[in-house]
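Report on one structure; see the data block that follows.
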Amino acid sequence: MADTGIHAEARPRALPALLVATRPAQWPKNMLVLAAPAAAGRLLDRDVLAPALLATVAFVLASAAIYLVNDTVDRHRDAANPRTSDRPLATGAVSPRTAIVTALVLATTAVGLLAATTPVAATIVLVGYLGLNLGYNLGLKAMPLVELMIVASGYVLRATMGGVATGVPLSAWFLSVASFGALYVVVVKRVSEREAVGHRRVLEAYPAGLLEQVRSLALTATALTYTLWAFETGETASTGGVLVRLSVVPFLLGLLRYALVTMRDGGASPEKVVAGDRTLQVVGLAWLVLLAAALDG
């Protein structure tokens, strides 16, 4: 019998399972698309908000497609891992054929949406995201460091999309913060995964201490580049220059708190870390309020 990857009794519930397979809990990370116009104080401009939201929706669709491809490729390995054995493709609740067809529909819709409504550069960014992640799932995930950079690039391309889709200029320091911050989040998760049962095979290829060194490098670079961005932005802000500079304080506190929590409790996905730590939530809110007041001013 052909491996359909789906049990007969699971078919009536295939649609809810398919939704679960697109990982809705991960969708909020696509809000990074709004970061560039928000940092420029232009998110609520009439000619900026609409394309920014469309680009965010496109990334939700594209990332959902990638998760379906990922879980299709890894379904047998996921089924043998206690941490991932309940994923719909691992349990057979969604068939590989259904997942791949849905992924194609989602990816095509995302690209078409951007091609019809935003500058061509936005479509290129999204196609680049899809291409990199397809390569990741088809073999690049087994290459040390390359796999780190590809996963981190997903965050960076989201942040870049906010600029190219809306016409908001992207400063070098903004892109630097996005790049090192993304690398930091990814490497923290890898360090934690290495301690888990059934961890990624690629983690065995990292020499002892290397991931910790990359984590320290990314943490330092994120703190430094944000400080440089804040001071550069503060020089051009009309009335909120001081507030932009002051935003460095809660940003650094939040960054260090994230380091403390993940080193103490393990580096789960960023959204779970933030959702589970009240101090980090308060510091993050203070940072957002301060930055919003500065950029509005």
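Closest approach of P24 to V20, counting heavy atoms only: CD-O, 3.8 Å. When all heavy atoms of A40 and V168 are compared, the closest pair comes out as CB-CG1, 3.6 Å. The two atoms that bring L243 and A294 nearest to each other are CB-CB, 3.3 Å, heavy atoms only. Here the closest non-hydrogen pair linking T91 and S85 is CG2-O, 3.1 Å. Minimum interatomic distance between A178 and A159 (heavy atoms only, all atoms of both residues): CB-CB, 4.0 Å. L126 and A62 make their closest contact through CD1-CB, 3.7 Å (heavy atoms, listed as atom of the first residue, atom of the second, distance).
Listed by first and then second residue, the salt bridge (Lys or Arg N to Asp or Glu O under 4.0 Å) pairs that reach into residues 135-156 are D74-K141, E147-R190, sequence neighbours excluded. Judged as a salt bridge (Lys or Arg N to Asp or Glu O under 4.0 Å), the pairs with a partner in residues 255-264 (not counting sequence neighbours) are, in order, R257-D277. Annotation: side chain to side chain donor-acceptor pair (under 3.5 Å) contacts involving residues 208-220, sequence neighbours excluded, comprise R194-E212. Residue pairs meeting the salt bridge (Lys or Arg N to Asp or Glu O under 4.0 Å) criterion with at least one partner in residues 18-29, sequence neighbours excluded, are R23-D71. Residues in residues 148-181 take part in no ring pair (Phe, Tyr, Trp, His ring centres under 6.0 Å) pair, two or more places apart or across chains. Among pairs with a residue in residues 54-64, those fulfilling side chain to side chain donor-acceptor pair (under 3.5 Å) read N30-S63, at least two apart in sequence or across chains. Applying the ring pair (Phe, Tyr, Trp, His ring centres under 6.0 Å) test to every pair with at least one member in residues 98-122, sequence neighbours left out, gives no pairs at all. Among pairs with a residue in residues 160-172, none fulfils side chain to side chain donor-acceptor pair (under 3.5 Å), at least two apart in sequence or across chains. Sequence neighbours left out, the pairs with a member in residues 112-146 that pass ring pair (Phe, Tyr, Trp, His ring centres under 6.0 Å) are F59-Y129. Note on residues 101-122: no pairs pass salt bridge (Lys or Arg N to Asp or Glu O under 4.0 Å), not counting sequence neighbours.
Hydrophobic clustering (side-chain heavy atoms under 4.5 Å, transitive across Ile, Leu, Val, Met, Phe, Trp, Tyr) groups Y184 together with V273. Y206 and L183 fall within a single hydrophobic cluster, where Ile, Leu, Val, Met, Phe, Trp and Tyr side chains are chained together by heavy-atom contacts under 4.5 Å. Under the 4.5 Å side-chain contact rule for hydrophobic residues, M161 and V127 share a cluster. A single hydrophobic cluster is seen to contain both L210 and V191, as judged by linkage of ILVMFWY side chains at heavy-atom distances under 4.5 Å, directly or through other members. One hydrophobic cluster holds both L18 and L61 under the rule that ILVMFWY side chains link at heavy-atom gaps under 4.5 Å.
With values rounded to the nearest 0.5 angstrom, T72 atom OG1 is found 4.5 Å from L89 atom CG. In this structure, OG on S192 lies 12.0 Å from CE on M263, to the nearest 0.5 angstrom. Here the straight-line distance linking atom CE of M149 with atom OG of S179 works out to 9.5 Å at 0.5 Å rounding. Expressed to the nearest 0.5 Å, how far OG1 of T117 lies from CG of L53 amounts to 11.0 Å. With rounding to the nearest 0.5 Å, the separation of CD1 in I100 from CG in L68 is 7.5 Å. Distance check: L224 CG to T222 OG1 gives 9.5 Å after rounding to the nearest 0.5 Å.
Looking only at side-chain heavy atoms (C-beta outward), L256 and L260 stay at 4.5 Å or farther from each other. Looking at L130 and V111, their side chains come closer than 4.5 Å, going by heavy atoms from C-beta outward. In this structure, the side chains of L203 and L211 come closer than 4.5 Å at one or more pairs of heavy atoms.
If you check the side chains of T233 and W229, you find a donor sitting under 3.5 Å from an acceptor.
Between the N70 side chain and the I66 main chain, no donor and acceptor come within less than 3.5 Å of each other. Put simply, the side chain of Q281 gets close to the backbone of A275: a donor and an acceptor are under 3.5 Å apart. Looking only at distances, a side-chain donor or acceptor of N81 sits under 3.5 Å from a matching main-chain atom of R83.
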Extract all donor-acceptor atom pairs below 3.5 Å that involve side chains of residues 102-110 and protein atoms in other chains or at least two apart in sequence.
residue, atom, partner, partner atom, Å
T102, OG1, T98, O, 2.7
T108, OG1, L104, O, 2.7
T109, OG1, V105, O, 2.7

Checklist entry - Does the side-chain hydrogen bond (donor to acceptor under 3.5 Å, both in side chains) test come out yes or no for S247 and Y226, once each step is laid out? => result CA-CA 10 Å; S247 74; Y226 181 85; 2.7 Å; yes

Next on the checklist: Show, in sequence, the C-alpha distance, side-chain angles and deciding distance for V248 and F231, and conclude whether the side chain to side chain contact (heavy atoms under 4.5 Å, CB included) test is met.
Outcome noted: CA-CA 9 Å; V248 170; F231 276 76; 4.3 Å; yes

Item to check | Trace of the side chain to side chain contact (heavy atoms under 4.5 Å, CB included) decision for L157 with L132 | outcome: CA-CA 11 Å; L157 289 173; L132 278 173; 4.2 Å; yes

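The existence of a salt bridge linking D78 and R75 is excluded, since no basic side-chain nitrogen approaches an acidic carboxylate oxygen closer than 4.0 Å.
Judged as a side chain to side chain donor-acceptor pair (under 3.5 Å), and not counting sequence neighbours, W27 has no contacts.
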